[in-house]
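Take a look at the structure below.
From a predicted model like this one, the values you see are computed outputs, not experimental measurements. Scope of the values below: all heavy atoms of this structure, side chains included, with no hydrogens, waters or symmetry mates.
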Amino acid sequence: LLHIPNFIDTKSFPAPLTKPDMNTLLFIGRLEYRKGVDLVVQAFAELSQKYSKLKLIVLGEDTDAWSIDGERTIFSKYVTSLGLPKSILRKITFVPQINQRSRLAAYLLKHRGIAVLPSRYEPFGFVYIEAMMAGNITIASTRGSGSEIIKNGQDGFIVEPNVEEIIKT
């Protein structure tokens, strides 16, 4: 692949030499409701009970787009408010948004796994392409551009944006 419309430089993502870590789930993007990050955390909480080595990396801008008791808050506080056991919370790593493309590529290549990106709405998913270019197994949403970028079962997976579909896939 030499060129992707919307000006993504494929040379900034060298070809990975190892397989993705099947014990690492990765969410990339703004931490807001429409991106489905809450679905990823819920699915992770259920899956980590069965797969003890499973961990979750949440990489993105933590905006005050979440509500706890009617108060606006950041996503990390929202996750804490869910009352998940500390054994699960310790397996979640929050990484601030990485704006520099080369640093993002380096991070994604180092922490490869299964990128779970179940947006409830996504007009064009740069994160799908970035995750795939870094060698992640990529799970995208049926909503928006996920199904236009990924061929289900061939170069990634397409799911409805809900916890059950994420867990099943």
Output side-chain donor-acceptor pairs under 3.5 Å for residues 75-83, partner residues at least two apart or in another chain, one line each.
unit_1, atom_1, unit_2, atom_2, d
Ser76, OG, Asp62, OD2, 3.1
Thr80, OG1, Ser76, O, 3.1
Ser81, OG, Tyr78, O, 2.6

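To the nearest 0.5 Å, atom CG of residue Leu56 and atom OG1 of residue Thr93 are 8.0 Å apart. With rounding to the nearest 0.5 Å, the separation of NZ in Lys168 from CD in Glu160 is 9.5 Å. Note that the CG atom of Leu109 and the NE2 atom of His111 stand 10.5 Å from one another [nearest 0.5 Å]. Arg90 CZ to Lys55 NZ: the interatomic distance, rounded to the nearest 0.5 Å, is 15.5 Å. Once rounded to the nearest 0.5 Å, the distance linking CE of Met132 with CG of Leu108 reads 13.5 Å. Taken from CD in Glu165 to OG in Ser141, the straight-line distance is 10.0 Å, to the nearest 0.5 Å.
Contact between Ile137 and Pro20 at its shortest, heavy atoms only, is CG1-CG, 4.1 Å. The two residues Val40 and Val116 have their closest heavy-atom pair at CG2-O, 3.6 Å. Nearest approach of Leu39 to Pro118, heavy atoms of both residues: CD1-O, 4.1 Å. Closest approach of Ala131 and Leu117 over heavy atoms only: CB-CD1, 4.3 Å. When all heavy atoms of Met22 and Leu54 are compared, the pair lying nearest together is O-CD1, 4.0 Å. Scanning both residues, Ile88 and Gln49, for their nearest heavy atoms gives CD1-NE2, 4.3 Å.
The hydrophobic clustering, which links ILVMFWY residues whose side-chain heavy atoms are closer than 4.5 Å, places Ile74 and Leu89 apart. If you chain together hydrophobic residues whose side chains sit under 4.5 Å apart, Val163 and Tyr51 fall into the same group. Side-chain heavy atoms closer than 4.5 Å link hydrophobic residues (I, L, V, M, F, W, Y) into clusters, and following such links, possibly through other members, connects Phe126 to Ile139.
Counting non-hydrogen atoms of neighbouring residues, nucleotides and ligands closer than 6.0 angstrom, the OH atom of Tyr33 reaches no more than 12 such neighbours. Around CZ of Arg103, the count of heavy atoms belonging to other residues, nucleotides or ligands within 6.0 Å does not exceed 12.
Inter-residue side-chain proximity for Ile129 and Ile149 is flagged as met; some heavy-atom pair is nearer than 4.5 Å. Side chains of Val37 and Trp66 form a contact here, defined as non-hydrogen atoms less than 4.5 Å apart.
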Set out, in order, the CA-CA distance, both residues' side-chain angles and the distance that settles side chain to side chain contact (heavy atoms under 4.5 Å, CB included) for Val58 and Phe44, then state yes or no. CA-CA 11 Å; Val58 178; Phe44 170 74; over 6 Å; no
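Checking side-chain atoms of Asn162 against main-chain N and O of Glu164 turns up a donor-acceptor pair under 3.5 Å. At least one donor-acceptor pair under 3.5 Å links the side chain of Ser48 to the backbone N or O of Ala45.
With respect to Asp38 and Arg120, a salt bridge is recorded, a charged nitrogen being found less than 4.0 Å from a carboxylate O.
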